[in-house]
Amino acid sequence: QVRLVESGGRLVQSGGSLRLSCVSSGITLSIYAMAWYRHAPGMERELVAIITNGGSTNYADSVTGRFTISRDNVKNTVYLQMNSLKPEDTARYYCNAATRSGAPVFRGSWGQGTQVTVSS
């Protein structure tokens, strides 16, 4: 039984910073990576950042240079540090395991997500 719990989102002003957390449990298989996704109303879900089991990272072009994904294996937690936030970053943010192509692995175990709202 996989559980993913996101937290840390809130309302912030443009240019501000937030750090999101994702605590996972029940993952027994070997995964390629963990990732952050976001979904805004009227938009498709998009991959924001990914960190592989080897520690390499990749980011969406829209957040490169502003966001940093990291992990704490002892705490089973993945983080997303978000700096220089823009109104375009407004979305609900979710975490999940990810394949090499960036697709979510546990499609039946999405968490509640955490809302990030950036005011202009």
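The residues of the chain are indexed from 1 along the displayed sequence. Predicted, not measured: the structure shown is a model, and the values here were computed from it.
Residue Phe67 holds its CZ atom at 9.0 Å from CG of Leu18, rounded to the nearest 0.5 Å. In this structure, OG1 in Thr77 is found 12.5 Å from CZ in Arg71, a value given to the nearest 0.5 Å. To the nearest 0.5 Å, the span separating CE on Met82 from OG1 on Thr68 amounts to 11.0 Å. From Ser120, atom OG reaches atom NZ of Lys86 across 13.5 Å, with rounding to the nearest 0.5 Å. Here the OH atom belonging to Tyr94 is positioned 7.5 Å from the NE2 atom belonging to His39, to the nearest 0.5 angstrom.
At least one donor-acceptor pair closer than 3.5 Å links the side chain of Gln112 to the backbone N or O of Glu6.
When the salt bridge (Lys or Arg N to Asp or Glu O under 4.0 Å) test is applied to Glu88, no partner is found at least two apart in sequence or on another chain. By the salt bridge (Lys or Arg N to Asp or Glu O under 4.0 Å) test, Arg66 pairs with Asp89, sequence neighbours left out. Here Ser7 pairs with nothing under the side-chain hydrogen bond (donor to acceptor under 3.5 Å, both in side chains) rule; sequence neighbours left out. With sequence neighbours excluded, no residue satisfies side-chain hydrogen bond (donor to acceptor under 3.5 Å, both in side chains) with Thr57. Residues that satisfy the side-chain hydrogen bond (donor to acceptor under 3.5 Å, both in side chains) test with Thr117, not counting sequence neighbours, are Gln115. Shown here are the side-chain hydrogen bond (donor to acceptor under 3.5 Å, both in side chains) partners of Ser62, two or more places apart in sequence or in another chain: Arg38.
Note: the hydrophobic cluster containing Tyr93 does not contain Ile50 (ILVMFWY, side chain heavy atoms under 4.5 Å, direct or indirect links). Linking ILVMFWY side-chain heavy atoms closer than 4.5 Å, directly or via other members, places Val105 and Leu4 in a single hydrophobic cluster. Cluster membership check: Val2 shares its hydrophobic cluster with Ile51, using side-chain heavy-atom separations under 4.5 Å among Ile, Leu, Val, Met, Phe, Trp and Tyr. Under the 4.5 Å side-chain heavy-atom criterion for ILVMFWY residues, no single connected hydrophobic cluster contains both Val5 and Phe106.
Contacts classified as disulfide bond (SG atoms under 2.5 Å apart) and involving residues 36-120 (residues at least two apart or in different chains) are given here: Cys22-Cys95. Residue pairs meeting the side chain to side chain donor-acceptor pair (under 3.5 Å) criterion with at least one member in residues 102-111, sequence neighbours excluded, do not occur. Applying the disulfide bond (SG atoms under 2.5 Å apart) test to residues at least two apart or on different chains, none of the pairs has a partner in residues 23-54. Sorted by first and then second residue, the disulfide bond (SG atoms under 2.5 Å apart) pairs involving residues 23-79 (not counting sequence neighbours) form an empty list. Note on residues 32-80: no pairs pass disulfide bond (SG atoms under 2.5 Å apart), not counting sequence neighbours.
Among all heavy-atom pairs drawn from Ser14 and Pro87, the shortest one is OG-CD, 3.9 Å.
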Anything under 3.5 Å between a donor and an acceptor, one on a side chain of residues 23-37, the other on a protein residue two or more places apart or in another chain? List them.
{"residue": "Ser24", "atom": "OG", "partner": "Asn76", "partner atom": "O", "Å": "3.4"}
{"residue": "Trp36", "atom": "NE1", "partner": "Tyr79", "partner atom": "O", "Å": "3.4"}
{"residue": "Tyr37", "atom": "OH", "partner": "Gly102", "partner atom": "O", "Å": "2.9"}

